[in-house]
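Notes to accompany the following structure.
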2 protein chains.
Amino acid sequence: MSKCEQCIIKQFNSLKSLTKNELVRISSCKTSRFIKKGEVIFDEGEAVNGVYCIKDGICKLSKLSENGKDQIVKMVVKGQLLGQRSLISGESSNLQAVALNDMEVCFIPKSEIIADLQKNPKFSFDVLQDMANDLKEADDIIVNMAQKSVKQRLAETLIYIYESFGVNPDGTLSVLLSREDYANIVGTATESAIRVLSQFKKEGLISTVGKFIKIENINGLKRVE
Amino acid sequence: MSKCEQCIIKQFNSLKSLTKNELVRISSCKTSRFIKKGEVIFDEGEAVNGVYCIKDGICKLSKLSENGKDQIVKMVVKGQLLGQRSLISGESSNLQAVALNDMEVCFIPKSEIIADLQKNPKFSFDVLQDMANDLKEADDIIVNMAQKSVKQRLAETLIYIYESFGVNPDGTLSVLLSREDYANIVGTATESAIRVLSQFKKEGLISTVGKFIKIENINGLKRVE
DNA sequence: ACGAAATCATGACAAATATCATATTTATTA
DNA sequence: TAATAAATATGATATTTGTCATGATTTCGT
C-alpha cells in the first residue's frame, strides 16, 4: 500500500501540515478503498469514524429535506478531505455522501486525526481555515438560494463546475451530472432544471454532447437574469 | 474596567478554554464598547481586526445580494463570539454586522487571539467545534431555503427565535424584528412576510402586541405547509 | 404635540416555479 | 438484441411569490 509521506494528494489539503512522523503513523493505520459511481460513502445520521482523503474522483454531499427531496449542499473533489465536520463536532453526519464517479479514497480513523489536532497547532489551524472557507461558501449559497432566480442559480452552477472542476478534452464539463442532480443543487424541480437547460441551449449559451454539457458563452451565462 | 478572568460571559463561548494567564493577558488589551440599536458593528468587505465577545444584546449578520436586498444569514447573541470566521481566514468580512438592540461588547485584537490559537490546542479545538456547528446550521438553512415554502420558513424562524432567544415576561418574543428583518431572514419580499404573518394571526398561530409577536400555537406553526 | 418619515398592511396583477400528464430518447439487463 | 426501466423533454395548468399601488398606523425629531 502506498505511503502518506510520499502521497502528493496531501499537498492540496490540511494533511500537508502534518510532520513526517505524524504522516508515517497515519499511513500505518489508514485504509485505501475504491468506490463505484453511485455508491453511498456514508449516510445521513451515520457515525463517520474518521476522515476520507480523496485520491481520485468526486462526490456530492446532500441532505434529505422533509418533503423527500435531496438537496446537494457541496461537491468534494480529488485532493480534498471528506467528513471533517462530523469528526470535529463528534456527531453523526448531517449529510449523505455519494460518489459521482468512480473514486479512490484513503480512510483515516478518527482517533489518529483527533490526536494530531490536539498536538499539532499548525494542522489544527489549517483545518480551521478550511472550515472557515466552507462556512463562507455556505453563506454565499444561502444568499443565492434566497435571492436569485432558478435561471441565475443554474447558470452560476454551470460556471462553478466549469471553473472548479474543469473540462474534458472536447470542452464539455468534466463532472457529469444528471438533470436531477442539477435540480438538487439549484433547489428546484427536475422539470424546471431541464426547461432552463433547454432554454440555455436554444440561446446558444451551452451545447450538449450526449449527457455532457459544454459552455459556449460564459459571459452570456454570467449575464442571465 | 472589568476583567476577563472574572467575566461569566466567557463560560458560554470558546474563551472558557483559555488558561488564567491567557485571560489576564487578553484582559489587558481588550477594549469594552457600547453599541446602539441599528449601529453597524462592521461592514461587508471591512477588515475585522479581532473578535467581539458579546456581553449583552443581539446582532444580525447579513450579506447584500446583487439585486440590492440584504439577506440575514445568522443572529449572534449575548455569550457568543462575533467575527471569528474572518479572523481565521485572514480575509475581510463577508458579512455585515448590525446591532438589533443596544449591545455591550468586548473587542479582543486579532494578534492576541491568533497567538492563543497557535499555542493552546484546547482553545483551538473549541473554536473548531464552534465553526463546525455553524457550518451544520448553514447546511440546514440551505436546505430550508431550497426546499421549503415562505410560509414554512417563516414559521420555523419564529420557532427558532422562540427557542433560541426566549420570551419577555408577557410571552412575546424577546427579539424584536421589523417585518423587513423577517423577510430578510426568510429570503422573501417584505410584503410577502407581512402577508404570511397576517395569515398566521388570523389562524390564531400568533398574536401581536404592538410590534411584538407572541406564539400562541407552536404545534400549529410546526405543522404549517 | 405635530408633521414628516418610516413601517405596516392589503389589493390587484404579473412573473416565476411546481405539478401533472405524456412523449421521446437513452441506458440497463435478461 | 429485445424488453424494460430510467432519464430527458415538453405542454398545460395550478400555485406560489413578487411587484406596484395605495392607505393606515406607528415612530421619531423638533
Legend entry - Shortest non-hydrogen contact from Gly45(B) toward Ser92(B):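 For Gly45(B) versus Ser92(B), the nearest heavy atoms are O-CB, 3.3 Å.
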Inset, instruction - Could you pull out the closest heavy-atom pair between Ile72(A) and Asp181(A), with the gap in Å? - result: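 The answer is CD1-O, 3.7 Å.
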Legend entry - Whichever of Thr188(A) and Ser178(B) has its nearest DNA chain C nucleotide further upstream toward 5':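 Here Ser178(B) is the residue nearer the 5' end.
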Legend entry - Contact nearer the 5' end of DNA chain C, comparing Glu191(B) with Arg153(A):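 Upstream on the strand: Glu191(B).
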In whole angstrom, what separates [X]'s [atom1] from [N]'s [atom2]?
X         : N       : atom1 : atom2 : result
Asn67(B)  : dA16(C) : CG    : P     : 14 Å
Leu176(B) : dT26(D) : CG    : C1'   : 13 Å
Tyr182(A) : dT8(D)  : OH    : P     : 10 Å
Glu225(B) : dT17(D) : CD    : P     : 13 Å
Lys148(A) : dG18(D) : NZ    : P     : 16 Å
Phe212(B) : dT27(D) : CZ    : C1'   : 14 Å

Inset, instruction - Indicate whether OP1 or OP2 belonging to dA18(C) is found under 4.0 Å from a side-chain N or O atom of Ser192(A). - result: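 So the side-chain polar atoms of Ser192(A) do come within 4.0 Å of the phosphate oxygens OP1 or OP2 of dA18(C), strictly under.
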Legend entry - Presence of Ser198(B) side-chain N/O under 4.0 Å of dC8(C) phosphate oxygens OP1/OP2: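 Result: no.
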Legend entry - Base of dG11(C) paired with side chain of Arg195(B) (donor-acceptor, under 3.5 Å):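 Such a pair is found, so the answer is yes.
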Inset, instruction - Please round to the nearest 0.5 Å and tell me the distance separating atom CG of Asp139(B) and atom CD of Gln71(A). - result: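 Atom-to-atom, Asp139(B):CG and Gln71(A):CD are 10.0 Å apart.
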Legend entry - Contact nearer the 5' end of DNA chain D, comparing Thr190(A) with Ala146(A):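 That would be Thr190(A).
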Inset, instruction - On DNA chain D, check which nucleotide each of Gly187(B) and Lys211(B) is closest to and give me the residue with the more 5' one. - result: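 Residue closer to the 5' terminus by nearest nucleotide: Gly187(B).
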Inset, instruction - Using a cut-off of 6.0 Å, state whether more than 12 heavy atoms not belonging to Tyr162(B) lie near its atom OH. - result: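 Incorrect, the count does not exceed 12.
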